[in-house]
Protein chains: 2
Amino acid sequence: MKNSEKQLRDSGIRPTAMRILVHQFMQDQSSAVSLTAVEDNFERSDRTTLYRTLKTFEDKCLVHQIDDGTGIPKYALCKHDAVEGKHGDLHLHFHCTQCNQTTCLTEHRIPTISLPDGFVPEDINMLVKGICDNCNL
Amino acid sequence: MKNSEKQLRDSGIRPTAMRILVHQFMQDQSSAVSLTAVEDNFERSDRTTLYRTLKTFEDKCLVHQIDDGTGIPKYALCKHDAVEGKHGDLHLHFHCTQCNQTTCLTEHRIPTISLPDGFVPEDINMLVKGICDNCNL
DNA sequence: AAAGAGCGTGCAATGGTATTGCAATTATAG
DNA sequence: CTATAATTGCAATACCATTGCACGCTCTTT
């Protein structure tokens with residue numbers, strides 16, 4: 001997938017070797033990854049660099065950060081095309097309490113919710129914890 | 001509210017002076033509080049004690065922990081009667097990005113959600129970020 | 001092709017918070 | 001009143017995110 005380089009460029013990110021590798025790594029993942037997980041896969045690189053790489057990706061809407069309740073932020077590629085500085089895909093996240101993996105259920109849009117008067121929603125986060133399909137065999 | 005003492009007893013928690021005070025403090029709050037917030041209100045007591053107090057409350061379902069995406073856990077009293085070791089009230093949480101307060105919208109039950117085959121839900125967390133009614137005047 | 005500016009990277013250090021171990025104190029039960 | 005158990009306070013540990021700084025690379029400009 002030489003694709004990564006193009007995607008970085010399109011998002012206004014200079015496609016360094018490191019960034020391309022990280023992006024490709026993210027593409028290979030079926031579940032969201034922690035910074036530590038990325039670090040373990042790139043032992044030659046520094047944690048800080050990877051940290052900033054992910055942050056850059058996030059700023060440019062290539063990646064979204066997921067809070068799965070473990071206290072450790074996870075990252076996953078955004079499926080949709082970046083929409084001008086807005087993380088637009090509000091989907092469900094599932095955290096498996098058994099294998100500890102966090103998955104994007106991209107198909108499952110978050111239902112619109114009605115709030116009390118005066119409350120203005122800007123972002124919605126929905127997290128389901130339980131047993132994932134893999135652990136449930 | 002001498003009520004606190006009874007509630008602790010009913011939950012199987014020994015009602016020490018500290019615990020009663022913390023419980024009363026929680027009752028007075030209109031939004032969820034962080035450990036640090038509790039600590040600031042009880043300067044005479046140790047952070048660890050308060051930490052364990054909240055944890056005890058949580059274990060006994062007097063209090064539920066809220067993850068509002070700030071990375072700092074918040075706590076709020078459970079409204080419902082404790083149901084045998086199960087935190088049963090799945091309600092909405094709202095985090096105001098302006099005043100930084102996190103509120104339980106107890107009235108707003110979380111809609112049931114359909115998951116892909118093989119996924120078994122055990123707990124659901126729904127968090128809305130935006131501007132709260134107080135900041136929106 | 002060489003000089004310079006700006007960005008990316010690595011290292012070291014800082015800070016904030018949860019969490020645990022242990023000893024002293026306090027409350028409960030016999 | 002004594003013994004036992006639970007609670008509390010202090011100190012220490014551990015884990016991350018985050019930042020400052022200096023070096024190196026790349027890209028542009030002349």
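This structure is a prediction, so every number in the text was calculated from the model and none was measured. To find a chain, count down the sequence lines: A is the first, B the second, and so on, and within it residues start at 1.
- Taking atom CD of A/Glu39 as the reference point, atom P of C/dT9 lies 15 Å away to the nearest angstrom.
- Here the closest non-hydrogen pair linking A/Thr103 and A/Ser30 is CG2-O, 3.9 Å.
- Taking atom CD1 of B/Ile20 as the reference point, atom P of C/dA27 lies 11 Å away to the nearest angstrom.
- Closest heavy-atom contact between A/Pro15 and A/Leu8: CA-CD1, 3.9 Å.
- Using a 4.0 Å cut-off between a side-chain N of Lys or Arg and a carboxylate O of Asp or Glu, A/Glu39 and A/Arg47 qualify as a salt bridge.
- Non-hydrogen atoms lying under 4.0 Å from DNA chain C are contributed by B/Ile72, B/Pro73, all within residues 69-77 of chain B.
- Between B/His23 and B/Phe57, the two ring planes are perpendicular [angle over 60°; tilted spans 30° to 60°].
- A perpendicular orientation is assigned to the rings of B/Phe42 and B/Phe25, their planes being inclined by more than 60° (bins at 30° and 60°).
- Ring centroid separation for the pair B/His64 and B/His93 comes in under the 6.0 Å cut-off.
- At a threshold of 4.5 Å between non-hydrogen side-chain atoms, the residues A/Lys74 and A/Ile72 count as touching.
- When every heavy atom of B/Leu105 is checked against every heavy atom of B/His91, the shortest pair comes out as O-CB, 3.6 Å.
- When the P atom of D/dT18 is taken as reference, atom CG of A/Leu50 falls 15 Å away, rounded to whole Å.
- In this structure, a donor-acceptor pair under 3.5 Å is present between the side chains of A/Asn3 and A/Gln7.
- Whole-Å rounding puts the A/Glu43 CD to C/dG10 P distance at 14 Å.
- The residue B/Thr16 sits close only to the backbone: its heavy atoms come under 4.0 Å of sugar-phosphate atoms, none of a base.
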Sort me out a list of protein N/O and nucleotides 20-28 of chain D N/O pairs below 3.5 Å, or just none if empty.
residue	atom	partner	partner atom	Å
D/dG20	O6	A/Arg52	NH2	3.0

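- Considering only the side chain of A/Lys55, D/dT18 comes nearest among C/dT17, D/dG9, D/dT18.
- In this entry the distance linking CG of B/Leu21 with C1' of D/dT8 reads 14 Å, nearest Å.
- Rounded to a whole Å, the OH atom of A/Tyr51 is 5 Å from the C1' atom of D/dA17.
- Remark on DNA chain D: of its neighbouring residues A/Leu35 and B/Ser45, the 5'-side contact belongs to B/Ser45, judged by nearest-heavy-atom nucleotide.
- Taking only side-chain atoms of A/Thr53, from C-beta outward, the nucleotide of C/dT9, C/dA18, C/dC11 with the closest atom is C/dT9.
- Distance CZ (A/Arg19) to C1' (C/dG10): 14 Å, rounded to an integer number of Å.
- Between A/Arg47 atom CZ and C/dA13 atom C1' there is a gap of 15 Å when expressed in whole angstrom units.
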